[in-house]
There are 2 protein chains.
Amino acid sequence: MVTEQLRHTADDGDVTRADSLAREIFSGVATKWALLIINVLADDTLRFTELRAAVDGISHKMLTQTLRGLERDGLVHRTVYPTVPPRVDYYLTEPGQELRATVNGMCAWTRKHLRAIEAARRRFDGQAP
Amino acid sequence: MVTEQLRHTADDGDVTRADSLAREIFSGVATKWALLIINVLADDTLRFTELRAAVDGISHKMLTQTLRGLERDGLVHRTVYPTVPPRVDYYLTEPGQELRATVNGMCAWTRKHLRAIEAARRRFDGQAP
DNA sequence: CCGCATCCATCAGGATACTG
DNA sequence: CAGTATCCTGATGGATGCGG
């Protein structure tokens, strides 16, 4: 897919590099789990287990994996306390906070249009089956 | 997954229904392709083929499929002209436009932090391998 | 031109188990 | 408690072809 995108934009000039990078970052972040984690973290500092409980429905694996990605991109900060049992804290960095603001917007939007969407679906489903 | 969510929130009281619906809608929309399509549509009216060209990298199938979903939720409006060859136009509805505003935020965020993220990645990747 | 159906490869992602 | 590794399935999504 990255290959494809490079191919597709290859004849567009010199913004190519930045564009494909942007697309990659956007695609990585525009994800159910990533966005939900960011939304839950908000301005708290949470441990792995707390996050797991808060995100609701996420598996151990996906949580670890998504957190690694967010950490790699510098959106969350990860603190490891070498105690036993271990303790790991996560919180949003400044860039993470900024992204969170827009994610909040999406959540607000969802709540606002809940009933309307529900209705739209009934209409859509009702006229075809 | 829907099942799981219902199960998980079952002991939370009566917001259960709305919550799981919200999650479902959010998950459907918080998707690479859906967000990119919304972003590209902006306040234009585009035909299927134009969209396909604009979104760049999306397959015929995914475009159809994602558009159906957006139409079903009432985020895009679909107009079919019974001409030959057929012509189908898509544009964002009012709710779609509202969502688009927040998507714009995400895009702006991506552009703004491009270099920082790139750097963060190098740092992250550089200290382990 | 657009949509739908089909086939098929892939990979996301869940379950499980073992380490520090 | 948190992370990593392995296995395995089922959904995702690409390619292709026909129909309207």
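Lettering follows sequence order; numbering is per chain, from 1.
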Would you mind reading off the distance between [X] atom [atom1] and [N] atom [atom2], rounded to a whole angstrom?
X       : N      : atom1 : atom2 : answer
B:Leu36 : D:dG13 : CG    : P     : 12 Å
B:Leu67 : C:dC1  : CG    : C1'   : 14 Å
B:Trp33 : C:dA12 : CH2   : P     : 14 Å
B:Leu63 : D:dA15 : CG    : C1'   : 16 Å
B:Gln65 : D:dA15 : CD    : C1'   : 14 Å
B:Ile37 : D:dG13 : CD1   : C1'   : 14 Å
B:Arg47 : C:dC1  : CZ    : P     : 7 Å
A:Arg52 : D:dC1  : CZ    : P     : 11 Å

CD1 of B:Ile25 to CD of A:Glu118, rounded to nearest 0.5 Å, is 7.5 Å
Salt bridge (charged side-chain N to carboxylate O under 4.0 Å, His left out) assessment of A:Glu50 paired with A:Arg47:
CA-CA 5 Å; A:Glu50 293 171 330; A:Arg47 312 184 47 165; 5.5 Å; no
If every non-hydrogen atom of B:Arg121 is compared with every non-hydrogen atom of A:Leu21, which pair is closest and at what distance?
NH1-CD1, 4.2 Å
What about A:His60: does its side chain form a donor-acceptor pair under 3.5 Å with the base of C:dG14?
no
When you get a sec, tell me which of [options] is the closest nucleotide to the side chain of [X]?
X       : options              : result
B:Thr64 : C:dT6, C:dC4, C:dA15 : C:dC4
B:Tyr90 : D:dG14, C:dG3, C:dC1 : C:dG3
A:Arg68 : D:dC1, C:dG13, D:dG3 : D:dG3

Out of curiosity, does B:Tyr91 fall in the hydrophobic cluster containing B:Val40 (side-chain heavy atoms, cut-off under 4.5 Å, transitive links)?
no
Of A:Lys61 and A:Asp89, the one whose closest nucleotide on DNA chain D sits nearer the 5' end is A:Asp89
Below 4.0 angstrom, N of the basic side chain to O of the carboxylate: do A:Arg87 and A:Asp89 qualify?
yes
Between B:Arg87 and C:dG3, does any side-chain N or O lie under 4.0 Å from OP1 or OP2?
no
If you pin A:Pro85 and B:Glu50 to their nearest nucleotides in DNA chain C, which one's is more 5'?
B:Glu50
